[in-house]
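The residues of the chain are indexed from 1 along the displayed sequence.
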Amino acid sequence: MRFVFAFVLLATVHYTQASLFGGTKPATKDQPLDDVIEEGWEYVTSGSTIKLAHVKSDTRLVLPQVSYGTGSQQQAVTAHTDASSTKNFWLVDSDSPRGTAIACGEQVRLVNSDSSHNLHSHSNHKSPISGAQEVSGFDGRDSGDLWTVECLKDKKAWKRLEPVYFKHVETGWYLQSLPSKKYRQPIVGHQEVSAAKKADSNAQWMALEGYYFSARTSQAKKD
């Protein structure tokens with residue numbers, strides 16, 4: 001099997017601005033998102049490093065390398081409007097071979113590529129602003145790092161540019177961000193990221209910019 005690797009840059013959630021190595025095609029502002037992705041690159045794949053957009057607020061999931069002053073005192077996880085930050089990249093780590101599309105219902109770890117911390121949650125700590133379940137960056141590795149990808153539509157795999165939910169395996173709560181819950185110093189304007197019992201519009205995330213792997217075989221194209 002031969003793997004192809006591409007960096008895809010999406011300027012906003014609305015249309016593609018630029019791309020390298022064939023992951024996307026030039027697009028107009030009114031063109032449907034599905035039309036700007038070439039065949040073979042439609043899905044988020046194991047081993048890809050991506051940026052996750054919070055759909056409701058058009059922010060990016062980020063690990064700003066600031067520790068919580070309460071709760072677990074692990075690294076804070078936030079959502080922020082700065083799409084250019086290198087702290088926004090997350091490696092999609094799964095048991096599937098590199099380049100395999102992540103199936104809906106599959107368990108993944110999301111590893112921050114800048115710090116190697118895992119996206120983590122636990123039921124015994126509350127988030128500092130909303131009092132929901134805390135989500136943190138964990139520098140170890142355990143079952144609290146596992147998230148199930150839940151697709152909103154009747155899909156077999158996690159498709160790029162389409163919203164998904166991330167359900168925490170241990171607690172059953174959903175990764176969310178509340179646009180009204182923002183930090184002050186030292187991370188002014190960053191939205192709190194936490195976990196909620198219910199999946200709603202605050203819990204929808206979308207894969208946008210990233211370094212994507214694609215298994216360029218006839219079987220992959222057929223699927």
Residue list, side-chain hydrogen bond (donor to acceptor under 3.5 Å, both in side chains) with Asn118, at least two apart or on another chain
none
With a 3.5 Å cut-off and no angle check, do the side chains of Ser46 and Ser94 form a donor-acceptor pair?
yes
Is any side-chain N of the basic residue among Asp93 and Arg141 closer than 4.0 Å to the acidic one's carboxylate O?
yes
Do the side chains of Asn124 and Ser72 get nearer than 4.5 Å, heavy atoms only?
no
Count I, L, V, M, F, W, Y as connected when their side-chain heavy atoms are under 4.5 Å apart, and connections chain through other members. Are Tyr174 and Leu61 then in the same cluster?
no
hydrophobic_cluster_shared for Met206 and Tyr212, side chain cutoff 4.5 Å:
yes
Is the Trp173 to Phe166 ring centre distance short of 6.0 Å?
no
Is there a donor in the side chain of Gln75 and an acceptor in the side chain of Ser136, or the other way round, less than 3.5 Å apart?
no
So, are Lys156 and Asp154 salt-bridged, with charged N and O less than 4.0 Å apart?
no
Are Leu208 and Val111 connected in a single hydrophobic cluster, I mean Ile/Leu/Val/Met/Phe/Trp/Tyr linked by side-chain heavy atoms less than 4.5 Å apart?
no
Asp95, CG atom: more than 12 neighbouring heavy atoms under 6.0 Å:
no
Is it true that Arg109 and Asp145 have a side-chain N and a carboxylate O under 4.0 angstrom from each other?
yes
When you group the ILVMFWY residues by side-chain heavy-atom contacts below 4.5 Å and let the links chain together, are Phe89 and Phe138 in the same group?
no
Polar contact flag, side-chain donor to acceptor under 3.5 angstrom, Thr148-Gln107
no
One should read off an interatomic distance between Gln204 CD and Ser177 OG, to the nearest 0.5 angstrom, of 13.0 Å
Checking Asp82, Thr81, Thr78 against His190 for side chain to side chain donor-acceptor pair (under 3.5 Å), the one that qualifies is Thr78
So do the side chains of Ser67 and Gln73 get within less than 4.5 Å of each other, counting heavy atoms only?
no
